[in-house]
Peer 1: 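Quick one: the structure is below, and I'll ask about it shortly.
Only this structure's heavy atoms are used, side chains among them; waters, hydrogens and symmetry mates stay out.
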Amino acid sequence: MQSKSITVINKWDITVVGPSGKIEQGQKYTFTIIAKGQPLAGAIVTFNGKTYTSDGTGKISLTIPDKTGDYTVTATFPNYIDGTLTFTV
């Protein structure tokens, strides 16, 4: 009988948490990147064509463009499943 081994690689979901309430043009808001129920420091965050890094508490401050429309915040981290948050201004 031949034995086989299976490697299990855990990948955790990333969640992007935005501000509560209406998001308005030209204003600065704080977003929090969460994984495994905890803030995720060092996540790479993309928004409106720019790249940022979440701080030691998993937070990132983003200024919303002056133009109305739909916007997406995406967070990535090695060995994690990307998280996104889409909102309308």
Side-chain angles (χ1 to χ4, degrees):
M1 182 172 174
Q2 184 180 17
S3 65
K4 294 182 180 183
S5 62
I6 297 173
T7 302
V8 176
I9 299 173
N10 289 326
K11 288 203 170 215
W12 293 278
D13 290 326
I14 295 174
T15 301
V16 179
V17 179
S20 59
K22 184 178 178 184
I23 297 176
E24 299 191 18
Q25 298 167 253
Q27 300 299 310
K28 191 173 197 173
Y29 294 93
T30 299
F31 293 78
T32 305
I33 312 305
I34 304 288
K36 299 191 292 183
Q38 300 293 321
L40 182 60
I44 302 301
V45 178
T46 55
F47 173 69
N48 201 33
K50 295 182 183 175
T51 302
Y52 307 86
T53 303
S54 62
D55 68 12
T57 62
K59 296 188 185 305
I60 186 85
S61 291
L62 302 173
T63 300
I64 307 307
D66 290 327
K67 184 179 175 185
T68 59
D70 293 330
Y71 293 94
T72 300
V73 177
T74 301
T76 63
F77 196 82
N79 298 318
Y80 286 67
I81 298 170
D82 296 356
T84 60
L85 174 67
T86 301
F87 57 91
T88 301
V89 176

Peer 1: Linking I/L/V/M/F/W/Y whenever any side-chain heavy atoms sit under 4.5 Å apart, do Leu85 and Ile33 land together?
Peer 2: yes
Peer 1: Determine whether the side chains of Thr84 and Thr74 contain a donor N or O and an acceptor N or O closer than 3.5 Å.
Peer 2: no
Peer 1: Mind listing the closest non-hydrogen atom pair of Thr63 and Lys28 along with its distance?
Peer 2: OG1-CG, 3.8 Å
Peer 1: Consider only side-chain heavy atoms of I, L, V, M, F, W and Y, link residues closer than 4.5 Å, and tell whether Tyr52 and Ile14 are in one cluster.
Peer 2: yes
Peer 1: Linking I/L/V/M/F/W/Y whenever their side-chain heavy atoms sit closer than 4.5 Å, directly or via other members, would Ile44 and Ile81 fall into one cluster?
Peer 2: no
Peer 1: Going through the distances and angles, do Ile34 and Leu40 end up as a side-chain contact (heavy atoms from CB on, under 4.5 Å)?
Peer 2: CA-CA 5 Å; Ile34 304 288; Leu40 182 60; over 6 Å; no
Peer 1: Which pair of heavy atoms, one from Ala41 and one from Phe77, lies closest together, and at what distance?
Peer 2: O-CE1, 3.5 Å
Peer 1: Taking only residues two or more places apart in sequence or in another chain, which ones pass side chain to side chain donor-acceptor pair (under 3.5 Å) with Asp55?
Peer 2: Thr57
Peer 1: Leu62 and Val73: which non-hydrogen atoms are nearest, and at how many Å?
Peer 2: CD1-CG2, 3.9 Å
Peer 1: Heavy-atom distance under 4.5 Å between the side chains of Phe31 and Val45, does that happen here?
Peer 2: no
Peer 1: Tell me the closest heavy-atom pair linking Asn48 and Pro65, and the distance in Å.
Peer 2: ND2-CG, 3.2 Å
Peer 1: Check the orientation of Phe47 and Tyr71. Use parallel for under 30°, tilted for 30 to 60°, and perpendicular for over 60°.
Peer 2: tilted
Peer 1: Side chain to side chain donor-acceptor pair (under 3.5 Å) with Thr88: which residues, sequence neighbours excluded?
Peer 2: Asp70
Peer 1: Which donor-acceptor pairs under 3.5 Å do side chains of residues 16-25 form with protein atoms, sequence neighbours excluded?
Peer 2:
{"residue": "Gln25", "atom": "NE2", "partner": "Asp66", "partner atom": "O", "Å": "2.1"}

